[in-house]
Amino acid sequence: MPEYLLKTDNLCKSFRLGGLIMGKKIMAVDHVSLALPKDKPWIISVVGESGSGKTTLARMILGLLDKTSGEIDIDGCKIKDFEKKEFYRFVQPIFQNPFSAFSSRKKVDTYLYETAYNVADCKNRAEADELVGKTLSSVGLEAKQVRGKYPNQFSGGELQRISIARSLIPDPKIIIADEPVAMVDASLRMNIVNLFKRLRDEYQVSFIYVTHDLSTAYYVSDYIATMYRGNIIEYGNARRVLDNPAHPYTELLLDSIPKVGHKWKEGVALPDLEGKEYAKTACRFSVRCPYATDQCRKAMPELVDIEDGHRVLCYKYCNEQDKS
């Protein structure tokens, strides 16, 4: 039986919008089961547009948001059974906006040393200096470039690399990176994702990379999970999913990426049907899907395996399996 660093089982998170009488319940994450194997370090990208539930999923795994139901296991243990310090030795976050991760009134290196002392258990300044210097070097910076400076003295790209260095200090097994290149200059985004690939191998750390940027996801990922309105609607090997998408929504996401020599058509943005889609007990993409049938509009399909771990939530493949 395979062992997993991270496993979610039927994980759900609901929010109530509005008042008790006229308000409505939204399932931001709806029965999501995801597994991160333990055999070697992996990069799994969770992709989808705004409102897909990917950040809510990340925040639950980080323990920053309580689940409504389901289970989260980290290295075979329930997340609730971890002490806070023990948990952050195992799992570390990287957030979207590096400027909001550091107080403008506090020197940046203070955060690095606090993590070294309080999470990595460095016993003295010499140990902390060595560890901080090593992790900064891993992201292409030197301690003297960071020492004594405030966040506003760095560019967004530099500050994000410092955030990555900070996450490496406890030598975690999993890093949850939530839109880590969204606030970084476009010219530097590939530098950050290249860094993730190198750190995966150098530190033997697995990444959950949350993003709406399919171009970086294609480049950096071992596996990809596409989310739509709280559901994982496609999952599998990154090259297989993005070279040969099985779900119409994944196709739509890929078609929305501008290509050299092709004009980006107006109207690519998806219409705002969020409330109706979240409320549906059938396939939530059926109101947008050009292939939808009455079956799609009546009940939710199952996530079926179509090829060597490539799974899709679509009646087209459920029906094909029934015929075979």
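Just so we're clear, the structure is a prediction, and the values are computed from it rather than from any experiment.
Without hydrogens or angle criteria, Arg59 side chain to Leu65 main chain gives no donor-acceptor distance under 3.5 Å. In this structure a side-chain-to-backbone donor-acceptor pair under 3.5 Å is missing from Ser286 to Ala282. Although no hydrogens or angles enter the test, the distance criterion places a donor-acceptor pair under 3.5 Å between the side chain of Glu158 and the main chain of Ser155. At least one donor-acceptor pair under 3.5 Å links the side chain of Asn194 to the backbone N or O of Met190. Without hydrogens or angle criteria, Lys13 side chain to Asp66 main chain gives a donor-acceptor distance under 3.5 Å. Under a 3.5 Å cut-off, the side chain of Ser45 and the backbone N or O of Ile224 do not form any donor-acceptor pair.
Sparse packing is recorded around CD of Glu302, with 12 or fewer heavy atoms of other residues, nucleotides or ligands lying under 6.0 Å away. The local environment of OH in Tyr291 is sparse, with at most 12 non-hydrogen atoms from other residues, nucleotides or ligands closer than 6.0 Å.
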Does the side chain to side chain donor-acceptor pair (under 3.5 Å) test come out yes or no for Asp243 and Tyr218, once each step is laid out? CA-CA 9 Å; Asp243 287 341; Tyr218 180 90; 3.2 Å; yes
Step by step, work out the side chain to side chain donor-acceptor pair (under 3.5 Å) result for Ser138 and Tyr203. CA-CA 10 Å; Ser138 294; Tyr203 279 83; 2.8 Å; yes
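Between Asn118 and Lys85, the shortest heavy-atom contact is O-CE, 3.0 Å. Contact between Ile232 and Leu303 at its shortest, heavy atoms only, is O-CD1, 3.7 Å.
Contact check on Lys38 versus Asp75 returns a salt bridge, with a Lys/Arg side-chain nitrogen under 4.0 Å from an Asp/Glu carboxylate oxygen. The pair Glu49-Arg288 meets the salt-bridge criterion, since a charged nitrogen lies less than 4.0 angstrom from a carboxylate oxygen.
For Phe285 and His247, the distance between ring centers is under 6.0 angstrom.
If you run side chain to side chain contact (heavy atoms under 4.5 Å, CB included) between Leu11 and each of His31, Glu71, Lys67, only Lys67 comes through.
Pairs passing the salt bridge (charged side-chain N to carboxylate O under 4.0 Å, His left out) check and including a residue from residues 209-223, sequence neighbours excluded, read Arg200-Asp222.
In this structure, Leu64 is a member of the same hydrophobic cluster as Val46, with clusters built from ILVMFWY side-chain heavy atoms closer than 4.5 Å.
Using a 30° and 60° split on the angle between ring planes, Tyr235 and Tyr223 fall in the parallel class, below 30°.
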